[in-house]
Amino acid sequence: MSKLHDYLKSQENLITASVDGKTLLDYIDRNAEEYPDYPALNTPANSEYSAWDSISWSEYRDVSKNLAAGLMSLGLGPGDTAFIMSNNTKEHNISDLGIVYCGATPSTLYKQLKSSQIEYVANLMEAKVAVVGDLELFAEVNAAKEQCPKLEAIVLIDGYEDNKELDYVHSYHELVEKGKELNQEDSSKLDSAIATVTPDSLACLIFTSGTTGKPKGVMISHKNVLWTIESLFGQMIPATKFPRIVSYLPMAHIAARAGDHYQAIYRVGQIFPVPVLEDMRDALPTIKPSVFLAVPRVWERFKGGLQARIEENPKKDLIDKAIKNGLEKVDYEQRGEKVPLGINLKDKVFAKLVFSKFKEGLGIMNTEYFVTAAAPMNKDVHRWFHAIGIDITEIYGMTEDTGPATIGVPGNAAESFSKKLKVDGLEVPSVLNPIGKVGIPIPGTEVKVLDDGELCIKGNHVAQGYYKSEEQTKETFDEDGWLHTGDLAEIDEDGFVKIIGRKKEILITSAGKNIAPVEIEDLVKPHPLIGQVCVVGDGKKFLSALIVLDGDGGAETWASENGIEYSLKDMAKNEKVIQAVQEQVDEANSQVANVQGIKKFVILDKEWTDSSGELTPTLKLKRNVIAEMYNDEIESMYEGIE
């Protein structure tokens, strides 16, 4: 373990003492009593997102307790479980807390799940109540209920009038009013339920998105949540109170729960839900978030959108010069070298004339830090954002460690973090936020790499295990408290972690070569034509790839610039498109060893989405599903090969 790792690990007791004996409900009480009128949850006042309606922290606590009393009248209580299926709305957050106030455990399920998938999860967790956002989601939950003997009630946020004849269906709004009356008459039953909630109680169950096999329910405690956020914001990142947080990632994912819901509770923040990703362009300028977290695919979309606008801008030449200068500056910084005075001065000028306009247009002028998480970020995309003054920090972690395990030091933390290291006699790494690496352990955490290359993590953010799955828990969480991540990694001399790939994703060619596909995939993806790449070749003589054209604007822009009619189906067979993709593949192949190169590829004539089955809700590849769905296309690339 490096001196830096030793230093970070030594902060464990300090972090633990800060949150000892506390639960999320203690922080809700603090917020409601010390900041009663501060806004907590917002709802867009119109479809243009030009204004927002808010409820305060005192109102948030009151309505959550009232809903809890209503839920208890349906039979929900300490030790029970309930799930939520809904868009990101204030009612979603209130329902989550309402379930916790009952002494029960909440879980959010992905909206894309079909009735058979809901049935599996609901029965595994023995859910007693489901809170459902709308009629479309209700149809799937209601179909699942027939095979869920423990599921006694469905609470509908919108659409109750269409289903009120069903005796097990209840109105969310009426339940809140009923709970209010119950609490006014006698709140002792609710008070008793609240008293059962301890730091070791489950704050939530999060069901993994199932890239391999059936979803597993990760048991995350109040202590896990509070310890994690204290590690990040109490010890590492100097962030101000009262953050403005945009909530658009699904609450079924740890990134949204930790980064939106729980962070807001811990830091007295306010949440702005944006249920539709495409609305982000309208919403961000009025939200003005102080923190912005996105998965790599969203950052790629932002880059594509900005580049399309640059192409149409009359000052394109100036912008190109600014970005070129910015890229030179980033390259010096990433090598740990002093940036030449001329480049630095030009960058300061371009920051005011050019890059500030980008931030204004995106609504992120006041954003303190930018984060990418949930999947590896393409290095070229990461470098490009750094060049335009958006200093994205990569966080690595997983549901099983409550989100973050390692982090690059964000720009706003660099000065204070460096000062702390110097005061304690440690050498400051020359690059604090290296592109292509996922940072150093968050304070209080230990990491190590086993002989086979697997990364392991230890700390108070590591979850309790998998719900009702002792065998799978033993496979992932060992007796000494180490979480076996399944990721292959390296740790450099400065203590920064680099992820190589997933153990289970390693392709073994017929010649016995072990290859992580992510590296070559990331080299192919930056072309505007290309949306997704899945490298295949397990047990084969060479690697091939399935390539999906970009349906988020990149392919359309390329088609327009190259005199081709935009149609993903037709473009997949177009010789000009095939040639452009071949050139990109050739360029990628030139940057890796021969055995890692892509020898053949097929361009598919459809998009991959979470609803079509090839991607998880956080847009990661479901490799086993893809291999099955496109077996014929894969085998066609190996026909005649002995």
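Only heavy atoms go into these numbers, but all of them, side chains included; no hydrogens, no water, no symmetry mates.
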Query raised in the report: Can you name the residues that form a ring-ring contact (aromatic ring centres under 6.0 Å, His included) with F477, not counting sequence neighbours?
Result: Y466

Query raised in the report: Do any N or O atoms from the side chain of S187 and from the backbone of L190 form a donor-acceptor pair under 3.5 angstrom?
Result: no

**Report entry** Heavy-atom pair of closest approach, residues S18 and L14
**Finding:** OG-O, 3.0 Å

Query raised in the report: If you measure only the distance, is there a donor-acceptor pair under 3.5 Å linking the side chains of E614 and S612?
Result: yes

Query raised in the report: Does atom NZ of K145 have more than 12 heavy-atom neighbours, drawn from other residues, nucleotides or ligands, at distances under 6.0 Å?
Result: yes

Requested in this report: Decide whether S221 and N224 meet the rule of one side-chain donor and one side-chain acceptor closer than 3.5 Å.
Outcome: yes

Report task. Please report the shortest heavy-atom distance between A51 and N46, naming the atom on each side. Result -> N-ND2, 4.2 Å

Report task. State which residues pass side-chain contact (heavy atoms from CB on, under 4.5 Å) with E394; sequence neighbours excluded, sorted by chain then number. Result -> T372, M377, H382, V438

Requested in this report: Go through E48 and D282 one step at a time and tell me if the side-chain contact (heavy atoms from CB on, under 4.5 Å) criterion holds.
Outcome: CA-CA 6 Å; E48 292 79 35; D282 294 327; 6.0 Å; no

Query raised in the report: With a 4.5 Å heavy-atom cut-off, do H253 and I206 have their side chains touching?
Result: no

Report task. May I have the step-by-step check of side-chain contact (heavy atoms from CB on, under 4.5 Å) for Q270 and Y38, ending in yes or no? Result -> CA-CA 8 Å; Q270 55 176 314; Y38 278 62; over 6 Å; no

Query raised in the report: Do I157 and D134 come close enough that some side-chain heavy atom pair is under 4.5 Å?
Result: no

Query raised in the report: Got more than 12 heavy atoms from elsewhere within 6.0 Å of CZ, R281?
Result: no

Report summary line: Residue pairs meeting salt bridge (charged side-chain N to carboxylate O under 4.0 Å, His left out), one or both in residues 15-42, sequence neighbours left out, come to D29-R61, E33-R61

Query raised in the report: Do the side-chain N and O atoms of D186 and S188 include a donor-acceptor pair separated by under 3.5 angstrom?
Result: yes

Query - Closest approach of A203 to L24 (non-hydrogen atoms, all atoms of both residues) - result: CB-CD1, 3.9 Å

Query raised in the report: For K468, which residues count as a side-chain contact (heavy atoms from CB on, under 4.5 Å) partner, sequence neighbours excluded?
Result: L124, E126

Requested in this report: Check the angle between the aromatic planes of W52 and Y49 and answer parallel, tilted or perpendicular using the 30° and 60° thresholds.
Outcome: tilted

Identify all side-chain donor-acceptor contacts of residues 93-109 below 3.5 Å with residues at least two apart in sequence or on another chain.
{"residue": "N93", "atom": "ND2", "partner": "H261", "partner atom": "ND1", "Å": "3.0"}
{"residue": "S95", "atom": "OG", "partner": "E91", "partner atom": "O", "Å": "2.7"}
{"residue": "D96", "atom": "OD1", "partner": "R257", "partner atom": "NH1", "Å": "3.0"}
{"residue": "D96", "atom": "OD1", "partner": "R257", "partner atom": "NH2", "Å": "2.5"}
{"residue": "D96", "atom": "OD2", "partner": "R257", "partner atom": "NH1", "Å": "3.4"}
{"residue": "D96", "atom": "OD2", "partner": "H261", "partner atom": "NE2", "Å": "3.0"}
{"residue": "S107", "atom": "OG", "partner": "L205", "partner atom": "O", "Å": "2.8"}
{"residue": "T108", "atom": "OG1", "partner": "H92", "partner atom": "NE2", "Å": "2.9"}
{"residue": "T108", "atom": "OG1", "partner": "R257", "partner atom": "NH2", "Å": "3.1"}

Query - Any residue meeting side-chain contact (heavy atoms from CB on, under 4.5 Å) with D552, in chain and number order, not counting sequence neighbours - result: R297, R301, D550

Query - Y369 backbone acceptor or donor facing T367 side chain under 3.5 Å - result: no

Report task. Check the surroundings of atom CD in Q184: do more than 12 heavy atoms from other residues, nucleotides or ligands lie under 6.0 Å from it? Result -> yes

**Report entry** Minimum-distance pair of heavy atoms, taken over all atoms of S247 and N88
**Finding:** OG-ND2, 3.0 Å

Report task. Kindly state each residue pair satisfying ring pair (Phe, Tyr, Trp, His ring centres under 6.0 Å) with at least one member in residues 116-164, sequence neighbours excluded. Result -> none

Query raised in the report: Any side-chain heavy-atom pair from M85 and I118 closer than 4.5 angstrom?
Result: yes

**Report entry** Donor-acceptor side-chain pairing of T228 and S231 below 3.5 angstrom
**Finding:** no

Requested in this report: Evaluate the side-chain proximity of I237 to P410: yes if any heavy-atom separation is below 4.5 Å, no if none is.
Outcome: yes

Atom pairs and distances, donor-acceptor, side-chain atoms in residues 62-78, under 3.5 Å, two or more places apart:
{"residue": "S64", "atom": "OG", "partner": "Y60", "partner atom": "O", "Å": "2.8"}
{"residue": "N66", "atom": "OD1", "partner": "N183", "partner atom": "ND2", "Å": "3.1"}
{"residue": "N66", "atom": "ND2", "partner": "D62", "partner atom": "O", "Å": "3.3"}
{"residue": "S73", "atom": "OG", "partner": "G70", "partner atom": "O", "Å": "2.5"}

Query raised in the report: Just by distance, do the side chain of K620 and the backbone of A374 share a donor-acceptor pair under 3.5 Å?
Result: yes

Report task. Would you mind checking if E470 and K474 are paired as a salt bridge, meaning a charged N to carboxylate O distance below 4.0 Å? Result -> yes

Query raised in the report: Is the backbone of N42 close enough, under 3.5 Å, to the side chain of S54 for a donor and an acceptor to pair up by distance?
Result: no

Query - Polar side-chain atom of S290 near backbone of R244 as donor-acceptor pair, under 3.5 Å - result: yes

Query raised in the report: Is the F207 to Y467 ring centre distance short of 6.0 Å?
Result: no

Query raised in the report: Does the side chain to side chain donor-acceptor pair (under 3.5 Å) test come out yes or no for Y266 and E230, once each step is laid out?
Result: CA-CA 8 Å; Y266 195 83; E230 170 62 22; 2.3 Å; yes

Requested in this report: With sequence neighbours excluded, give me every salt bridge (charged side-chain N to carboxylate O under 4.0 Å, His left out) pair touching residues 105-119.
Outcome: none

Query raised in the report: Among all residues two or more places apart in sequence or in another chain, which pass the side-chain contact (heavy atoms from CB on, under 4.5 Å) test with A405?
Result: Y396, D401, I457, H461

Query raised in the report: Is it true that the NZ or CZ of R267 lies under 6.0 Å from the centre of F233's six-membered ring and within 45 degrees of the ring axis?
Result: yes

Query raised in the report: Side chains of L621 and W608: closer than 4.5 Å at any heavy-atom pair?
Result: yes

Query raised in the report: Less than 4.5 Å apart, any side-chain heavy atom of V225 and any of I265?
Result: no

Query raised in the report: With the threshold set at 4.0 Å, does a side-chain nitrogen-carboxylate oxygen contact exist between K288 and E360?
Result: no

**Report entry** Ring-ring centroid check F292 F370, cutoff 6.0 Å
**Finding:** no

Query raised in the report: Is there side-chain contact between D158 and Y172, with at least one heavy-atom pair below 4.5 Å?
Result: no

Requested in this report: Taking the side chain as every heavy atom from C-beta outward, state whether I154 and V141 have any pair of such atoms under 4.5 Å apart.
Outcome: yes

Query raised in the report: Could you go step by step and tell me if N142 and Y168 meet the side chain to side chain donor-acceptor pair (under 3.5 Å) rule?
Result: CA-CA 10 Å; N142 197 39; Y168 56 83; 2.6 Å; yes

Query raised in the report: Should V371 and I392 be marked as a side-chain contact (heavy atoms from CB on, under 4.5 Å) after you check the CA-CA gap, both sets of side-chain angles, and the distance that decides it?
Result: CA-CA 5 Å; V371 174; I392 297 171; 6.0 Å; no

Report summary line: Smallest heavy-atom separation, L249 atom then A256 atom, equals O-CB, 3.4 Å

**Report entry** salt bridge (charged side-chain N to carboxylate O under 4.0 Å, His left out) partners of K164, counting only residues at least two apart
**Finding:** E161

Query raised in the report: Looking only at side chains, do N123 and Q147 share a donor and an acceptor under 3.5 Å apart?
Result: no

Requested in this report: Kindly give the heavy-atom pair with the smallest separation between P296 and P376, and that separation in Å.
Outcome: CG-O, 3.5 Å

**Report entry** Main-chain N/O of T89 paired with N87 side-chain donor or acceptor, under 3.5 Å
**Finding:** no

Requested in this report: Please list, chain by chain and in numerical order, all residues satisfying salt bridge (charged side-chain N to carboxylate O under 4.0 Å, His left out) with D260, sequence neighbours excluded.
Outcome: none

